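Keep in mind that this is a model prediction, so the values were computed, not measured. Sequence lines set the chain letters: A, B, ... in the order given, protein chains first and strands last, and positions in each chain run from 1.
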2 protein chains.
Amino acid sequence: MQKTTIKDIAKALNISPSTVSRALNGKNGVSEKLSVTIREKAEELGYVGNFAARSLKTSQSKTIGVTVSDIRNPFFLDFLKGVDNILFQRGYKFLLTDSGENVEKEKIYLMWLIEHGVDGILASPVTERDGKNNLELYKKIKNISIPIVFYDRVFPEESQFDSVTVDNKDSIIQALKYLYNKGHRKIGIFLSKSGIYTIEQRLEGFIEGCELLGIKINEEWIAKDLFPEEKTYDKLKKLKKNHNLPTAIIATNNKITKQLISASKKLNILIPNTLSIMGYDDLTENEIISPPITCIKQPVFEIGRIASTILLGKIENDETKTTKIVLKTEIVERNSIINLNKNTLN
Amino acid sequence: MQKTTIKDIAKALNISPSTVSRALNGKNGVSEKLSVTIREKAEELGYVGNFAARSLKTSQSKTIGVTVSDIRNPFFLDFLKGVDNILFQRGYKFLLTDSGENVEKEKIYLMWLIEHGVDGILASPVTERDGKNNLELYKKIKNISIPIVFYDRVFPEESQFDSVTVDNKDSIIQALKYLYNKGHRKIGIFLSKSGIYTIEQRLEGFIEGCELLGIKINEEWIAKDLFPEEKTYDKLKKLKKNHNLPTAIIATNNKITKQLISASKKLNILIPNTLSIMGYDDLTENEIISPPITCIKQPVFEIGRIASTILLGKIENDETKTTKIVLKTEIVERNSIINLNKNTLN
DNA sequence: GTGAAAGCGCTAACAA
DNA sequence: TTGTTAGCGCTTTCAC
C-alpha cells in the first residue's frame, strides 16, 4: 500500500489538488461544504502529508534543532521538558542530537540539522581540551539566516550570539560563602573536562571567591579535568593517602557529585563529618542519597523555556537584537555539609 | 546570504547539476579530477544539501523515528545510547518524540514521524487505563510499508509486529525467589499505571510466583495504579497506619523505587530492617542511595542496540520474517533487602 | 470558489 | 564521462 497524496484525494473527489491543499491547510477560498468533504476523504484514505514536499516548497520546517553535549546527563531532561513546553503549544517540534562532547560529531549533526531545514537551533557548543570547536560553523549557520540560541555554554568572546546561561562564577562564589559561614577554610573544587565554558567559569569563580573571602588556595585541592568523571575516585584516593583532605569539596557537575559520594564511601571517608560535599545540580535522587546532598541548583526548566522563547521570537518575528540572559543559581540545603562552628562549640 | 544549492555549484563550475550530484554522492561516472574540484567548490560555498529535496526524490530519509513514553525516565537514556550506537555508524539519525503516556500525543507524533518520511519506527506503545491505544494507527503504518519494532512494550495479542522486550513476568518471579530465600513471606508489590503492558506482566509474574512458592497473597500489599508515582507515599502511609506492612516490597519501575525510599524515610520506616525493597532498574545512583538498592536490572543498552539492528534489517534488506526477542533481567545485589533467616539465627 | 501551471532542490533514467 | 530531462508532493500565483 502506498502513502496517500493530495493528488489521490483530488482524483477521488474529481477536483483539483490545489483545492485539496487549501482545504487541508484551512485557508479560505474553499466552500465550507467542499472543505468538509475533502477532510473526510483525507481521513478515510489515511492521508498524512509529506514534510519533504511542504518544506521544499515553503522553505520552513516548523522544527528546530537541539544539540546536547551528552544525552545521559539528567540536566537535559528538565531542559528538554522546558523546550517542549514552549514548542509544542506553538506547533513546533524539535530534532535532538547528541554531540557527546565531540567536536566532529557536533559538526556532523549541525550539518544534518541544516540539511533538515530546521528553522532555528538551540545549541550547547562543545569545546575540546585543545580549544577546538565549531565556532566557524556556527558563524556560517548564522550567516545563512538560521537563528541560533546558545544555552548552558557560550563562546565568551563572541558577542553576536544570543544565549541563556547561568551565572556560573557566582554559583561557586555563593557556595564558597555558604561553606565559609559554616566554618570551612580548607576547601577544594573538583572540575570536569577542561575547556568547557561552564567549568572554566566555575574555576574562575572559585579563585575569585577564595580571594574575596581570604581563603587560602591549595593547588592540590583543585582537581582539574576529571573527565570521564570516574577519575574522581583516583584523585580523592590520592588526597586521602597523602593525609591531605580538605574539609569540603565543591563538585562542578552532577556526575562528579555522584562520583564524590561513591568514592567517599569506598574510601571510608565519612560525609559530612570528615568531608563535606557541595553538589552541583538538584536531581530528584539528591534527596534520598545518603546523606541528602546540599547542592547548587540551576533553573534548568526555565533555561529551556527562555531559550525556546527567544529562538521563536527570532524565527517568527525576525527579532534582530541579540539577547543574553544570565540566570542565578540557588543553594538547596540538605545534609552533606557539616557546620564546623557548631562542632567547635561542642 | 542564501543557502548554496547544487545548481550554484554547477553554475560556478560551468557543469551540469547532475554531475555535481553524482560527485557529492560518491557515485561513479565522474572523473576523479572533476570530482575533487566539485567537492572543493562545495566546501568553499558552504554547501550542506537539502534533506527535503533529496527525501522527496528518493523517498528515503535515512532517519528513523523513536517514541518514548516519558523522556524524563532515565531508562530511555541508556536505551537511546544503544540506539545511537547502532544508528550513527550506519549513517542513520533519529527523531525523538515523547508521548508522555498520552495516546493523543502519541498519535500526533506518530503522524509527524510519517510526515517526516522516517524509514522506520522504534516504538514503545502507550495504553491508557481504559485500554485506549493507537493499535489501529500502528497497523496502518505497517501497511504503508514503514517497518516498526516495538521495544519495552508490545500489544500482546498482535503477532505481526517485531519486538524486543524483557521477560517481565520472570523478572518478578526471580525477585520473589530471591526474597523467599532471604526468608521473606510477607511480600508486596507496588505497581505503576494500570494498563501498561510491562506493569501488567509484572503483576502476573507476581501472582504466578507467589503461587509457585506458596506465598500467601495479601491484596492490601498489591498497590495498583500508582500513577503519578507520587501516590506511593499515600499507599505506604496507609499500610503503616494500619500496622499492616509487609516485610518486603517489590517496586515495578525506577520512579516507584525512588518514591518508596523517600516515603520510607519520611515515615520513619527503616530500610532494610523494617522494610526490604527490591528496586526496578539499575540506575547509577542506586549505589549511593541509602541504603544501596538491590534491584532488578534490565539490559537497557542492549534493548536499544538489538531493536535498532532488527529495524535496520527490515529497512535495508527488506527482512520480512518477524522477530520477537525476549531478554532476561538479572538481580543486582546491594543492601536494601534484609536476610531474615540470618536474623533469626542471631 | 475552483483549476491550471510553475517550481522548490534534488536524483536518475536516458542520451550523447 | 557528462548533460538533458522529468518528476517526487506540495503550495501559490494567476486565471477564470
Side-chain angles (χ1 to χ4, degrees), chain A residues 2-39 41-42 45-63 111-112 114-119 144-146, chain B residues 2-39 41-42 45-63 111-112 114-119 144-146:
Chain A
Q2 277 296 300
K3 276 195 196 179
T4 306
T5 72
I6 228 171
K7 256 185 179 165
D8 298 327
I9 301 174
K11 210 173 288 172
L13 256 30
N14 241 305
I15 53 176
S16 83
S18 37
T19 305
V20 177
S21 170
R22 273 187 283 254
L24 259 22
N25 288 299
K27 307 241 156 135
N28 45 1
V30 194
S31 70
E32 188 51 38
K33 211 180 113 199
L34 219 202
S35 186
V36 172
T37 322
I38 289 170
R39 256 179 267 245
K41 200 67 181 175
L45 297 177
Y47 175 76
V48 281
N50 180 317
F51 166 79
R54 178 176 305 121
S55 169
L56 185 57
K57 185 67 194 176
T58 63
S59 50
Q60 57 154 1
S61 64
K62 286 277 181 183
T63 63
M111 306 277 271
W112 182 71
I114 298 166
E115 269 191 52
H116 262 264
V118 292
D119 298 333
I144 54 173
S145 309
I146 299 175
Chain B
Q2 276 296 300
K3 276 195 196 180
T4 306
T5 73
I6 228 170
K7 257 185 179 164
D8 298 328
I9 301 173
K11 211 173 288 171
L13 257 28
N14 242 304
I15 52 178
S16 82
S18 40
T19 304
V20 177
S21 169
R22 273 187 285 254
L24 260 22
N25 289 298
K27 306 240 157 139
N28 46 2
V30 194
S31 70
E32 189 50 35
K33 209 181 117 201
L34 220 203
S35 185
V36 171
T37 321
I38 291 170
R39 254 177 267 245
K41 200 67 180 178
L45 298 177
Y47 174 75
V48 280
N50 180 316
F51 166 81
R54 178 176 305 121
S55 168
L56 184 57
K57 182 67 192 177
T58 63
S59 50
Q60 56 154 4
S61 63
K62 287 278 183 180
T63 64
M111 307 276 272
W112 183 69
I114 298 166
E115 269 191 52
H116 263 263
V118 293
D119 298 334
I144 55 173
S145 308
I146 298 176

Between atom [atom1] of [X] and atom [atom2] of [Y], what is the distance when rounded to the nearest 0.5 Å?
| X | Y | atom1 | atom2 | value |
| --- | --- | --- | --- | --- |
| A:Arg54 | B:Glu115 | CZ | CD | 5.0 Å |
| A:Thr37 | A:Glu32 | OG1 | CD | 9.5 Å |
| B:Leu34 | B:Thr19 | CG | OG1 | 7.0 Å |

Within the 4.5 Å heavy-atom criterion, are [X] and [Y] side-chain neighbours or not?
| X | Y | result |
| --- | --- | --- |
| B:Leu13 | B:Val20 | no |
| A:Tyr47 | A:Leu24 | yes |
| B:Asn50 | B:Thr5 | no |
| A:Ile38 | A:Arg22 | no |

Just how far, in rounded Å, is [atom2] of [N] from [atom1] of [X]?
| X | N | atom1 | atom2 | result |
| --- | --- | --- | --- | --- |
| A:Leu24 | D:dG9 | CG | P | 15 Å |
| B:Leu56 | D:dA6 | CG | P | 18 Å |
| A:Phe51 | D:dC8 | CZ | C1' | 15 Å |
| B:Lys62 | C:dT11 | NZ | C1' | 15 Å |
| A:Ile144 | C:dG9 | CD1 | P | 13 Å |
| B:Ile114 | D:dG9 | CD1 | P | 16 Å |
| A:Ile38 | C:dG1 | CD1 | C1' | 11 Å |
| B:Asn14 | D:dT1 | CG | P | 21 Å |

Is the backbone of B:Gly117 close enough, under 3.5 Å, to the side chain of B:Ser61 for a donor and an acceptor to pair up by distance? yes
Report yes if at least one side-chain N or O of B:Ser31 is closer than 4.0 Å to OP1 or OP2 of D:dT2; otherwise report no.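 Yes, such a contact exists.
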Indicate the ring-plane relationship of A:Phe51 and B:Phe51, choosing parallel, tilted or perpendicular according to the 30° and 60° boundaries. tilted
Across nucleotides 10-16 of chain D, 5' to 3', mark each nucleotide with B, S or - according to how protein heavy atoms within less than 4.0 Å reach it. BBBB---
Angle, rounded to 10°, between the helical axes spanning five pairs at each terminus of the helix from C:dG1-D:dC16 to C:dA16-D:dT1?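 The end-segment axes of the helix from C:dG1-D:dC16 to C:dA16-D:dT1 are tilted 40° relative to each other.
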